Amino acid sequence: MSTVTFDQISEHEQVMFCNDPHTGLKAIIAIHNTTLGPALGGCRMLPYKSEEEALTDVLRLSKGMTYKCVAADVDFGGGKAVIIGDPRKDKTPELFRAFGQFVQSLNGRFYTGTDMGTTPEDFVQAYKETSFIVGLPEEYGGNGDSSVTTAFGVMQGLRAVSQFLWGTDVLTERVFAVQGLGKVGFKVAEGLLKEGANVYVTDVDPETIAKLEEKAYQYPGHVQAVTADDIYGVGADVFVPCAIGGIINDETIERLKVKAVCGAANNQLLEDRHGKVLQAKNILYAPDYIVNAGGLIQVSDELYGPNKARVLKKTRALYDTLFEIFQSAEKKAVSTVEAANQFVEERLQKRARLNSFFSPDNPPKWRVRR
Ligand SMILES: NC(=O)C1=CN([C@@H]2O[C@H](COP(=O)(O)OP(=O)(O)OC[C@H]3O[C@@H](n4cnc5c(N)ncnc54)[C@H](O)[C@@H]3O)[C@@H](O)[C@H]2O)C=CC1
Ligand SMILES: O=C(O)CCC(=O)C(=O)O
């Protein structure tokens with residue numbers, strides 16, 4: 001294995017390798033930036049092919065969380081965790097408890113919860129060892145499964161795309177290509193079918209496709225399953241990535257026939273420059289960290305005392321944020337990625353100044369439950 005260098009993690013504040021031979025836990029926690037408050041971000045469990053792949057993923061994901069927190073206007077910083085392992089075979093209560101002990105050792109610098117490959121029940125185990133857990137089931141004082149709100153936010157994003165491109169936020173009879181039918185993608189596909197849209201779907205797990213097909217009969221829209229590779233080339237209006245990152249790259253952009261890309265997956269672009277490549281192809285890209293912020297809004301809200309109405313209101317507002325980014329990109333003749341990053345970096349600078357003002361009567365805004 002090659003060594004990790006400071007050069008590799010130069011943009012990050014802290015990277016922690018968590019090793020527990022007794023439970024088999026091998027995890028990495030990355031804290032990107034805590035200017036706005038403690039780092040917050042879910043924990044992904046995947047059978048990474050190598051430790052380098054896991055490190056690259058957690059570094060990219062945690063940076064994305066910094067941008068997501070700023071864009072969604074929540075007072076948290078960017079962090080994320082990955083567990084190296086197969087979620088179908090390697091999960092045990094002890095593994096998640098061991099992970100919880102490492103989170104506890106950061107003493108509130110990092111809050112975590114679900115992501116790809118993990119569920120709220122996994123974090124009920126971690127919660128036995130640390131209180132710095134979010135996205136807990138309601139019976140544990142949480143707001144429940146955050147993928148419900150993430151999916152709701154993605155639907156807002158799809159409406160904003162439709163309004164911008166076609167002058168209506170009604171999705172009926174439009175065609176969508178949904179990649180990944182997991183916690184978020186399944187709910188998005190179902191929402192689209194309920195609204196009478198036609199949906200191509202794919203997943204590497206045939207069971208989830210069969211489950212959706214079974215339910216689809218009751219909805220006005222139509223579903224058609226395609227292979228994991230064919231999803232890039234289907235004749236749809238919008239490509240909706242809801243699985244892995246890096247799927248928008250030189251090879252896939254060549255194959256896309258859609259007018260827009262808007263989905264839940266984190267780090268959809270392999271590199272930021274692919275935002276420009278999409279723009280050149282006249283494909284509207286809805287920046288992932290804005291579209292998929294619903295889960296973050298929900299779990300961060302939990303720390304102030306859960307309030308569902310507030311969560312819905314803030315998640316609905318993603319429509320306006322996205323629409324403004326589309327307008328700003330058009331006006332400045334830049335890609336939507338550039339417009340979104342500029343908006344975030346300017347806001348972060350303004351907020352950083354606010355956070356530098358110390359007063360004993362004015363406790364930090366992120367004084368949340370511990
Ligand atoms: N759960 C949440 O609330 C949030 C999730 N996200 C992001 O959304 C994406 C999906 O998250 P979840 O639904 O929670 O994950 P999940 O693990 O529940 O579902 C992922 C699904 O994608 C499928 N999949 C994996 N590789 C695939 C491929 N190459 N082609 C097609 N399907 C594939 C899996 O079989 C699984 O059904 C991830 O990128 C995650 O980081 C972002 C914000 C919040
Ligand atoms: O959605 C969550 O549970 C936490 C937030 C997060 O990790 C994300 O938005 O990727």
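Keep in mind the model is a prediction, meaning the values are calculated, not measured. Both counts, for ligands and for their atoms, begin at 1 and track the order of listing. Side chains are part of it too, since the values below use all heavy atoms of this structure and drop only hydrogens, waters and symmetry mates.
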Notebook entry, point to check: For ligand 1, is any non-hydrogen atom under 4.0 Å from Asn292's backbone (N, CA, C, O), its side chain (CB onward), both, or neither?
Noted result: both
Notebook entry, point to check: Can you tell which part of Val184 has a heavy atom less than 4.0 Å from ligand 1: side chain, backbone, both or neither?
Noted result: both
Note to self: Heavy-atom distances under 4.0 Å decide this one: backbone, side chain, both or neither, for Thr114 against ligand 2?
What the structure shows: both
Check: Distance-only, no hydrogens or angles: does the Asn107 side chain make a donor-acceptor pair with backbone N or O of Gln104 under 3.5 Å?
Finding: no
Notebook entry, point to check: Of the listed options (Asp203, Asp205, Thr114), which comes nearest to atom 35 (O) of ligand 1 when hydrogens are ignored and any heavy atom counts?
Noted result: Asp203
Check: Which bit of Asp115 gets closer than 4.0 Å to ligand 2, counting heavy atoms only: side chain, backbone, both or neither?
Finding: side chain
Next item on the list: Answer side chain, backbone, both or neither: which part of Ala293 comes under 4.0 Å from ligand 1, heavy atoms only.
Entry: neither
Note to self: Checking the N or O distance criterion of under 3.5 Å, is ligand 2 in contact with Gly113?
What the structure shows: no
Checklist line | Protein heavy-atom partner closest to atom 3 (O) of ligand 2 - residue, atom, separation in Å | finding: Ser146 OG, 2.9 Å
Note to self: Judged on heavy-atom distance to atom 9 (C) of ligand 1, which of Gly295, Gly182, Ala243, Gly153 sits nearest?
What the structure shows: Ala243
Next item on the list: Just let me know how Asn266 lines up against ligand 2, side chain, backbone, both or neither, with a heavy-atom cut-off below 4.0 Å.
Entry: side chain
Next item on the list: Determine whether any heavy atom of Met65 lies closer than 4.0 Å to an atom of ligand 2.
Entry: yes
Margin query: Checking a contact table here: which protein heavy atom is nearest atom 9 (O) of ligand 2, and how many Å away?
Written below: Lys68 NZ, 2.6 Å
